[in-house]
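This report refers to the structure that appears directly beneath it.
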Amino acid sequence: MSLIAANRISYTINNKKLFHNLSFTIDAGSALHIKGGNGSGKSTLLRILLGITTPSKGKIELLKPNTKITYLGHKNAIKNYLTPIENLKLIFHQSNLESALDWFQRLGLSRVQDEISANLSFGQQKKLALIRVLAAPADLIVLDEPFVGLDDSSRNLLNKYLQESISTGSSLALTSHIRPEIISKELMLENFSND
Amino acid sequence: MSLIAANRISYTINNKKLFHNLSFTIDAGSALHIKGGNGSGKSTLLRILLGITTPSKGKIELLKPNTKITYLGHKNAIKNYLTPIENLKLIFHQSNLESALDWFQRLGLSRVQDEISANLSFGQQKKLALIRVLAAPADLIVLDEPFVGLDDSSRNLLNKYLQESISTGSSLALTSHIRPEIISKELMLENFSND
Amino acid sequence: MIKIFQSEFFKLRKKLRTWLGPLLIMVLVLIAFPLSIDISQYDLNRFYFSIIVVALLMISFLSTEGIFLEDYEDGSLEQVYLVEQDFYKFVLAKVLTFVLLIGVPMAGIGSVFSILNGISINEVPKIFFMMFLSNLLLFNLFAFGSSLSINKGAILGVLATLPLALPIIILLGRGVRTIQHGIGFEGVMALMVGSGLLVASITPLIISATLKTHLE
Amino acid sequence: MIKIFQSEFFKLRKKLRTWLGPLLIMVLVLIAFPLSIDISQYDLNRFYFSIIVVALLMISFLSTEGIFLEDYEDGSLEQVYLVEQDFYKFVLAKVLTFVLLIGVPMAGIGSVFSILNGISINEVPKIFFMMFLSNLLLFNLFAFGSSLSINKGAILGVLATLPLALPIIILLGRGVRTIQHGIGFEGVMALMVGSGLLVASITPLIISATLKTHLE
Amino acid sequence: MFSSFVHRFSSPKSYVEITRKFFPYISLFGFLLLLIGWIWGLAFAPEDAVQGNSYRIIYLHVPASIFAQLVYFFMSICALIHLVWRVKLAAYLIKSAALVGAMITFIALFSGSIWGIPTWGTWWQWDARITSTLILFIMYLGIITLHGSFSNLEKADRLMSILVVVGVVNIPIIKKSVDWWSTLHQSASITISDGTSIDPSMLYPLLISIFGMGLTLISLGILSSKFYILTREKNKKWVQSYV
Ligand code: HEM
Ligand SMILES: Nc1ncnc2c1ncn2[C@@H]1O[C@H](COP(=O)(O)OP(=O)(O)OP(=O)(O)O)[C@@H](O)[C@H]1O
Ligand SMILES: Nc1ncnc2c1ncn2[C@@H]1O[C@H](COP(=O)(O)OP(=O)(O)OP(=O)(O)O)[C@@H](O)[C@H]1O
Ligand SMILES: [Mg+2]
Ligand SMILES: [Mg+2]
């Protein structure tokens, strides 16, 4: 069963063609790894999938209504003047909050729980941001280079989580310059040259 | 010949001990790879090496006077309301500018030269920032996770550059969760637990 | 809706810079003004009120200047969009929070300073209410302006909205005179309440569309 | 030094909002003020000048509020430190740029509006020069204030620097009166030039130390 | 040499030990003096020819106003010491003195306002001295908040010290404002050089209250600094054994 189908989508920005006539589907319980050089349009494609950006041509179809989507992009969406816990409280309410705090511990963040988030290290901030995805079960998980800045153990934790989600029927679309340890379809974006 | 010697340095912040009694030297023509989990103090150690942060105890000695240092940290130091070229012009003057523009091309950035930097993709911004280091020959190169967000070809380019610099006598101190393809001493920072 | 509002309130409360800053500046300006003129020479009470009005104008501009910037830059806006699919509630909550945490105290400070400078205590509730309404209008207006020019360089928003602020100021000035003369207050008030409600409910719609365009 | 100055100038020029914004607000305030009161009722000319002075105070605060924030947040400050080992030149260049691109036009606008409101054209150069000097002083002070609490907003900084700003305002007010009365102008002027030079060369030292502390 | 000397005698530990010895005497003596000064001033000093009895608030207002500035002066010296020799104790003292300073400045403002009602007919005027005292008060608060707004306490100490040093220019402004701008407020009535404009029978109790106020404030400062030091250094061994 497919969650989302991309139907011959193209995207052009400022007369630069990013991709052209792209068609693919994302199926329940499977992963899609979007690859390509820097600036090939991976992040843009993800944002199109999410409905944030509209494709120049073609259409994205959500095949299942009420698909629950979680997303983490290049930007962490963390308030750096709040403590990590306060940040989590902004995102999660009641039931999910517990699971978020649980992930907070497992990712080794408890020793910085009283700092404001601006004082966390680069990787710690990324981990904090990832909890947004980790602690909220979703039908579709969209991740834009989630491994950036993570140390080995956190990377393993994330890989394991993604693996599990997929095996329980969630779908995953991600970009990464590091190969994720997940069996996935690959979608390669070429670098168009418009010269 | 050593460029920099760290002499039993310790760093404590808000009653959290990051490292303790660390001693090492960085020699001309060699690389030091600082390793450790997220939050173990790698970035802080680099900033101590640069003289930006003062260690709580111990001393950093610059053994060669007038050591030219280039540095790129987690933050790109790029003005996102300027175009890439304008950014480079802020950093480089005359002689170096040419080499900077050369790197700009080699890194495949010329197709975005008329965008403001805020519109560059994540990896393109990182590459732009890296030119600060690539185009200015230095005695000591200090890099904090330089490979983050780079695609394979750029990563190779950077690795090759670093390799070359070392073989021509420059030194390198870097942190990275991805193993760099450079023969280097390794310095492992433990995660202190203060509980 | 309540949840969004609570979140916005919590965030703003934590940002001392954003809410306490403008209030302090307002106080300081109101203090500095009498010092800058030769008090003995003029009758301060007669025009001190205009200073308060002008301060209101500037401070509301100042405090809403970056109202959406942070959320745009740190990626929060995208997350809001994913959950809500538009920004109406979000903008409504945010502007209301700003009005409550900055606009209301500002109106309070304005009223207090007008007592200090000759308005009788009985009139203070009227003054306060009127200032509150002007703030509601100004905050919505300037929030719209700042949504137009979220990214750094743009000046568009300032250009577009500053002229629109003038009628509000004129209305406020007239309202004050109706209080001083004891006549016609209700009319001005009705006008302000009406436009206040209208603007406060429609502007978020417009802002919401603007924000969506920025995300594209 | 020239290079640093050129860079700063270029950057600020590109940020329309940072420099043109405050100027527009200044114009708006100066227009809004007469509108907000019943002009016929009072003798506007007599105190319009105080409005200009207060506007000068607020706008210079407003425009220097985030003067170091961007460089702190995007990591540029560290890069400057690596090259220069301190921030003296950098701060000097930055503050001067702000004075030139915002302070000077502000003084210009102030002077123009004072013609409109009864100061004779012959006196305008004096007024302009005096406002320019006050801006030099104010920008330095507020830059210090904003360096104290870079990422926390300049509120705390204002607290620190306002005591120093008040004498400037008072001095400016007095200077204007010496012009109006045609006596004692040179004395006030000499005082302002002296303190201007002193402050403009010492403040960057202090700011430099503050910035270094923030980087630690 | 000198700096090692400074450091040895400025350890928080020895400060706490030394002040513990002197505290009872200072506080008792100060309190008694203040009591004597006030009783004398309120009950026995003669009535003022112009102001009647309302002038008696002088015994609160003038000491408070004087120490509002002196406390700041003390803080700025500490700040210099902290910046030059990095003496931690100096920063601790600034932080605790700021609390005392804010309190006494508030008293100065408050008593002045009350006094203003019978004498000037208004409790507030935008007079230069009054305004600059108000700003001094705001600055005390600013210093406290500035310090409180950083999670890195050493950074906070340093920034606070810089602020205190720069802010010291406010003191001459307060002092001289009455002369520079002809204003409502009284100019100095007690001057060292050319005698005083105030009758000795009113002067002696005033001087005694000033002294008493000073010692009382010092003991308050000692109390608050001790409390602050113990919380700041709560992880140190000497504190754990002390408590
Ligand atoms: C809120 C209002 C007031 C404030 C903030 C204030 C502040 C001050 C200050 C800062 C001093 C200087 C202390 C020194 O360094 O010598 C002072 C002294 C004094 N004040 Fe006030 N004052 C206020 C109201 C008044 C009023 C209403 C009166 C009486 C009419 C008054 C009478 C005096 C006198 C007699 C002195 C001693 C003068 C001297 O020896 O310098 N003050 N006040
Ligand atoms: N200004 C600060 N205030 C408080 N704590 C800080 C501050 N700066 C850093 N820290 C703490 O120091 C620790 C180390 O930070 P650092 O950035 O050096 O880690 P890192 O090893 O580079 O981690 P990463 O791999 O995630 O980049 C973190 O736990 C962080 O919370
Ligand atoms: N708002 C915009 N205006 C102009 N160009 C844009 C805009 N957003 C993206 N681009 C351009 O689109 C291209 C693709 O950007 P995108 O972020 O999708 O790349 P990416 O594949 O994610 O790269 P990376 O691996 O570096 O993250 C880039 O060349 C970028 O300059
Ligand atoms: Mg991308
Ligand atoms: Mg790091």
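Just so we're clear, the structure is a prediction, and the values are computed from it rather than from any experiment. We use all heavy atoms of the structure for the numbers below, so side chains are in, but hydrogens, waters and symmetry mates are not. Every chain is numbered from 1, with letters handed out A, B, ... down the list of sequences.
Scanning all heavy atoms of the two residues, the minimum distance from D:Gln79 to B:Tyr71 falls at NE2-O, 2.9 Å. Here the shortest heavy-atom pairing between D:Ser76 and B:Lys79 reads OG-NZ, 3.3 Å.
Applying the 6.0 Å contact sphere to CD of B:Gln105 captures no more than 12 heavy atoms from other residues, nucleotides or ligands.
Contact of B:Leu82 with chain D is made through the side chain alone, with heavy-atom distances under 4.5 Å. Within the 4.5 angstrom heavy-atom criterion, no atom of D:Gln6 approaches chain B. Proximity to chain D is absent for every atom of B:Ile48, based on heavy atoms less than 4.5 angstrom apart. Using a 4.5 Å cut-off between heavy atoms, D:Lys11 touches chain B through backbone and side chain atoms alike. With a 4.5 Å cut-off on non-hydrogen atoms, D:Leu215 touches chain B through its backbone and its side chain both.
Counting heavy-atom pairs closer than 4.5 Å to chain D, the top-ranked of the candidates B:Gly73, B:Gly51, B:Ala129, B:Ala77 is B:Ala77. Per-residue heavy-atom pair counts under 4.5 Å with chain D were compared for B:Ile91, B:Leu72, B:Asn76, B:Thr53, and the maximum is reached by B:Thr53. With chain D as partner, the option from B:Thr54, B:Thr70, B:Ile69 having the largest number of non-hydrogen pairs under 4.5 angstrom is B:Thr54.
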Residues B:Leu50, D:Leu82; criterion side chain to side chain contact (heavy atoms under 4.5 Å, CB included); working and verdict: CA-CA 7 Å; B:Leu50 295 169; D:Leu82 280 185; 3.9 Å; yes

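A cation-pi arrangement is present between B:Lys75 and D:Tyr72, with the terminal nitrogen or guanidinium carbon under 6.0 Å from the aromatic centre and inside a 45° cone about the axis.
A salt bridge does not link B:Arg47 with D:Glu216: every distance from a Lys NZ or Arg NE/NH1/NH2 to an Asp or Glu carboxylate oxygen is 4.0 Å or more.
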